[in-house]
Structures are given as C-alpha cells and as structure tokens.
Amino acid sequence: MSSVTGSESTINAFVAAIHPSFDYLLSCTAFSACLFTLLVVLFAFSTKESRRRVVFRLNVFAICLTLTLGILTGLSNGKAITDPFDQVPKNVYIATAAFAVIPPLLYDSILLSRLFALYPIYSTPPATLLKIFAFPFCVKCARIVVISISLSDYVRSGLSTSSLVQDQLATWFRNPFPIAEWSMQVADNLYSVTLFLYNLHVRTSPVHRTASGIADRIRQIFYISVANFVFPLMFNIAQIVCVTTDHSPTTGAVLVLINNYVTVMGVLCATLWFSGTEWVRTHNQPLFEDSFPLNTKLGRAHGASGKSGDDILVVGGRSVGADTTSSDAGLTKGSSQRTAPAQDGSYSLV
C-alpha cells in the first residue's frame with residue numbers, strides 16, 4: 001500500500017511540475033498554427049502594389065517575431081516536459097522571455113503609425129507633429145527603460161535555467177516592472193486609438209451624410225480599429241489583475257503569450273481586409289467598379305489658404321487603404337470637393 005501511495009505521489013508531483021509548461025506549449029501551438037494560416041492568406045490575397053507598402057512588411061516582420069516566440073516557447077517547455085532534469089540552456093530561456101516582452105513595442109508602433117494617415121509628415125507642421133507624437137514617444141521610451149531594467153535583473157538573478165524559473169516564481173507576485181510596463185501600454189494604446197478614431201469621426205462626418213458607399217468603408221475602418229485596441233486592452237488589464245492577485249505566474253504568463261498573438265492578429269486582420277479588397281479589384285475589375293461606383297480613395301488637399309493647417313479630407317482615387325502606410329489618407333469636410341489622388345505609397349487608414 002505504501003508503495004502505491006508513493007507512486008501516486010510521484011506521478012502527481014511530476015504532473016504538477018510539467019503543468020505550467022504544458023499550458024504554455026498548448027497555447028503557443030494553437031495560436032501559432034492560426035497565425036501561420038493567416039500569414040499564408042495574407043500572401044495569397046496580397047498584390048504587387050500592397051507588398052511594396054511598409055505596413056505590409058512590418059506585418060510580416062511582426063508575424064515572424066511572434067512565430068519565433070512560439071518556436072522558442074515550444075522548445076523551452078517541450079524540453080521541460082520530456083526531460084525536466086536537463087532543460088534548455090540559459091540563453092535560450094532568456095531569449096524566450098525577451099521575445100515575449102519586447103515585440104509588443106513594435107506591435108503598438110504599427111498601431112500608432114495609423115496616425116500618419118491623418119497627419120502626414122510631408123504636409124503637417126512640425127509643431128503639430130510634436131504635440132501629437134510627444135506623448136506616445138515618451139511613453140514608449142519609458143517602456144523601453146522598464147523592460148531593459150526588468151530583463152537585466154532577470155538575467156542576473158540566476159546562473160542556470162532552473163534558477164531563473166525559481167526566481168520567476170519568487171518575484172512574480174506584485175512585481176513593479178510588469179505592472180508599470182503594462183499600465184503604460186494601456187495608456188499608450190488608449191491615446192493612439194482614441195486620437196485616431198476621434199479625428200476619423202470628425203473629419204469624415206460629412207461623408208457619412210452624402211456617400212453611403214464611402215460611409216460603409218469608413219465604418220469598417222472604425223470597427224477594425226476598435227477591435228485592434230479592445231482585445232489587447234482586455235488582456236493587458238487581465239495581466240495586471242493576475243500579477244497583483246495571483247502568486248503563481250502560470251496564468252499571467254499564458255495571458256502574456258496570448259496577448260502577443262491577439263495583438264498581431266488584430267493588425268493582420270486589418271491588412272487582410274485591405275489586401276482582399278485590392279485582390280478583388282485586381283482580379284475582377286468590372287465587378288469591383290459595379291460594387292463601388294464611387295471613388296473611395298481618401299486623399300489630402302489644402303484649403304483655400306494653401307496652408308497645411310487647412311488640410312481637408314477629400315474623396316478621390318479608388319480604394320480606402322486598410323493598412324497604415326498608404327499615402328492617401330486625408331479627410332474631407334465636404335463631399336463636393338474633389339482632388340486628384342495623392343502620390344502612391346505613403347499612408348492609409350488602418
């Protein structure tokens with residue numbers, strides 16, 4: 001009887017030890033498969049024109065970073081499950097942690113870049129750009145400092161992978177560094193998305209009353225932008241709640257991993273929407289023109305004074321960009337005003 005009890009205790013202890021690693025491995029495997037599928041779809045629906053845009057390349061780079069996170073997480077935790085007494089080297093474990101906490105800065109920067117659709121560098125006064133981008137720039141610098149200090153302390157906390165794992169268990173609860181970083185991330189995203197949606201609403205409100213086709217496209221941009229922010233925001237708040245209430249880092253670490261995937265998928269879905277629109281236009285031009293008889297490309301024109309401060313949004317061209325780097329994203333105050341499309345290759349709305 002005692003031998004049976006001892007065997008059960010050993011098995012239970014082993015299951016409890018590998019349970020966190022199994023959770024991490026399962027989460028990353030499922031979301032990596034979804035993300036890889038979306039990457040294939042992105043290339044399938046992309047056109048030669050869309051692949052030249054900076055936002056397309058940034059999205060591909062973000063996907064590669066996230067898939068690398070999945071590979072490193074699978075390697076680290078798969079080794080912990082199959083051979084718990086011989087884990088991955090310390091450098092691999094540190095790289096996994098770095099890929100989990102550093103890339104969100106890039107993802108948030110992709111979301112921030114949509115503001116350049118409303119405030120192009122080539123036509124917006126420097127003072128206006130400074131007022132708009134000073135806050136997110138300072139927040140991102142502060143986040144870089146916090147992440148650097150946190151990773152530096154983490155690297156120095158142990159000489160082996162096992163000691164790093166033990167330190168993570170000991171320092172997780174109410175650790176000020178992740179709390180500060182995630183709080184600043186919430187403020188950063190809230191500022192960027194609120195400013196973008198407010199300007200989009202104010203500058204396109206006349207279009208909603210005059211051109212139903214264009215209004216539908218703008219409404220889609222609005223919903224995509226909200227979704228890109230709401231879901232990562234929910235995970236950020238959940239992460240802060242976990243780190244302040246849960247002594248075990250398992251749930252919080254799973255949320256950190258999932259939040260990376262959700263953020264990238266949100267940005268990627270916006271690009272997929274735009275790429276799908278361009279693919280339909282390219283492969284079925286007559287059908288596209290019948291479906292959208294009005295020109296729906298947003299271009300920026302100057303007011304009567306000719307100053308950049310008088311920029312208004314005009315409706316010209318053919319397509320509303322769904323990524324953040326197509327050039328033609330100004331906004332109009334009157335549907336009767338028309339202008340020639342801006343030069344291709346700068347900014348678009350989502």
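- Expressed to the nearest 0.5 Å, how far CG of Leu169 lies from OG of Ser248 amounts to 7.0 Å.
- Hydrophobic clustering places Val40 together with Leu35 (ILVMFWY residues linked when any side-chain heavy atoms are closer than 4.5 Å, directly or through intermediates).
- Residue pairs meeting the side-chain hydrogen bond (donor to acceptor under 3.5 Å, both in side chains) criterion with at least one member in residues 168-180, sequence neighbours excluded, are Tyr93-Gln168.
- When side chains are defined from C-beta on, Ser183 counts as touching Ile240, because their heavy atoms get closer than 4.5 Å.
- The two residues Val146 and Ala180 have their closest heavy-atom pair at CG1-CB, 4.5 Å.
- Across Phe36, Tyr24, Tyr261, a single residue satisfies ring-ring contact (aromatic ring centres under 6.0 Å, His included) together with Phe31, and that is Tyr261.
- Between Ile179 atom CD1 and Thr244 atom OG1 the span is 6.0 Å, to the nearest 0.5 Å.
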Is there a side chain to side chain contact (heavy atoms under 4.5 Å, CB included) between Asp108 and Arg143? Walk through the geometry before answering. CA-CA 12 Å; Asp108 296 340; Arg143 290 176 61 187; 2.8 Å; yes
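- Hydrophobic clustering keeps Leu106 apart from Phe137 (ILVMFWY residues linked when any side-chain heavy atoms are closer than 4.5 Å, directly or through intermediates).
- In this structure, the side chain of Asn259 does not engage the main chain of Phe235 through any donor-acceptor pair within 3.5 Å.
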May I have the list of side-chain donor-acceptor pairs in residues 16-23 shorter than 3.5 Å, sequence neighbours left out?
unit_1, atom_1, unit_2, atom_2, d
His19, ND1, Asp23, OD2, 3.2
Ser21, OG, Asn77, OD1, 3.4

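- Closest approach of Thr37 to Ala33, counting heavy atoms only: OG1-O, 2.9 Å.
- Taken to the nearest 0.5 Å, the OG1 atom of Thr263 stands 6.5 Å off from the CD atom of Gln185.
- Hydrophobic cluster of Phe85: no remaining members, since no ILVMFWY side chain lies below 4.5 Å from it.
- The same ILVMFWY cluster, assembled from side-chain heavy atoms under 4.5 Å apart, contains both Tyr119 and Tyr191.
- Between Gly252 and Cys242, the shortest heavy-atom contact is CA-CB, 4.1 Å.
- The two atoms that bring Cys28 and Leu257 nearest to each other are SG-CD1, 3.7 Å, heavy atoms only.
- Side-chain atoms of Asp188 and Phe135, non-hydrogen and from C-beta on, never get closer than 4.5 Å to each other.
- Closest approach of Val256 to Gln239, counting heavy atoms only: CA-OE1, 3.4 Å.
- Separation of atoms CE (Met184) and NZ (Lys140) is listed at 11.0 Å; rounding is to 0.5 Å.
- A chain of hydrophobic side-chain contacts below 4.5 Å, direct or via other Ile, Leu, Val, Met, Phe, Trp or Tyr residues, connects Val254 to Val264.
- The backbone N or O of Gly158 lies less than 3.5 Å from a partner atom in the side chain of Lys90, making a donor-acceptor pair.
- Ring geometry for Phe56 versus Phe43: interplanar angle over 60°, hence perpendicular rather than tilted (30 to 60°).
- Note on Phe99 and Leu151: separate hydrophobic clusters, where clusters join Ile, Leu, Val, Met, Phe, Trp and Tyr whose side-chain heavy atoms are under 4.5 Å apart, directly or indirectly.
- Annotation: side chain of Ile81 is in contact with side chain of Leu25 (closest heavy-atom distance under 4.5 Å).
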Run the side chain to side chain contact (heavy atoms under 4.5 Å, CB included) check on Leu42 and Val60 step by step: do they pass? CA-CA 9 Å; Leu42 175 64; Val60 173; 4.3 Å; yes
Determine, step by step, whether Ser76 and Gln87 satisfy the side chain to side chain contact (heavy atoms under 4.5 Å, CB included) criterion, reporting the C-alpha distance in whole Å, the side-chain angles of both residues, the deciding distance to 0.1 Å, and the verdict. CA-CA 7 Å; Ser76 300; Gln87 299 189 25; over 6 Å; no
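- Note that CG of Asp86 is 4.5 Å distant from NZ of Lys79, once rounded to the nearest 0.5 Å.
- Between atom CD1 of residue Ile132 and atom OG of residue Ser192 there is a gap of 11.0 Å, rounded to the nearest 0.5 Å.
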Which pairs would a plain distance check flag for residues 62-71, meaning a side-chain donor or acceptor within less than 3.5 Å of a matching protein atom at least two apart in sequence or in another chain?
unit_1, atom_1, unit_2, atom_2, d
Thr66, OG1, Ala62, O, 2.9
Thr66, OG1, Tyr107, OH, 2.8
Thr68, OG1, Cys64, O, 2.7

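- Between Ile147 and Val101, the shortest heavy-atom contact is CD1-O, 3.5 Å.
- Contact of the Leu38 side chain with the Cys34 side chain is not registered, since no non-hydrogen atoms from C-beta on lie closer than 4.5 Å.
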Stepwise side chain to side chain donor-acceptor pair (under 3.5 Å) check, Thr96 with Thr73: CA-CA 6 Å; Thr96 305; Thr73 303; 5.4 Å; no
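- Residues forming a ring-ring contact (aromatic ring centres under 6.0 Å, His included) with Phe133 (at least two apart in sequence, or on another chain): Phe116.
- Put simply, the side chain of Glu181 does not reach to within 4.5 Å of the side chain of Ser150, judged on heavy atoms.
- Here salt bridge (charged side-chain N to carboxylate O under 4.0 Å, His left out) pairs that include residues 149-159, with residues two or more places apart or in two chains, are Asp153-Arg156.
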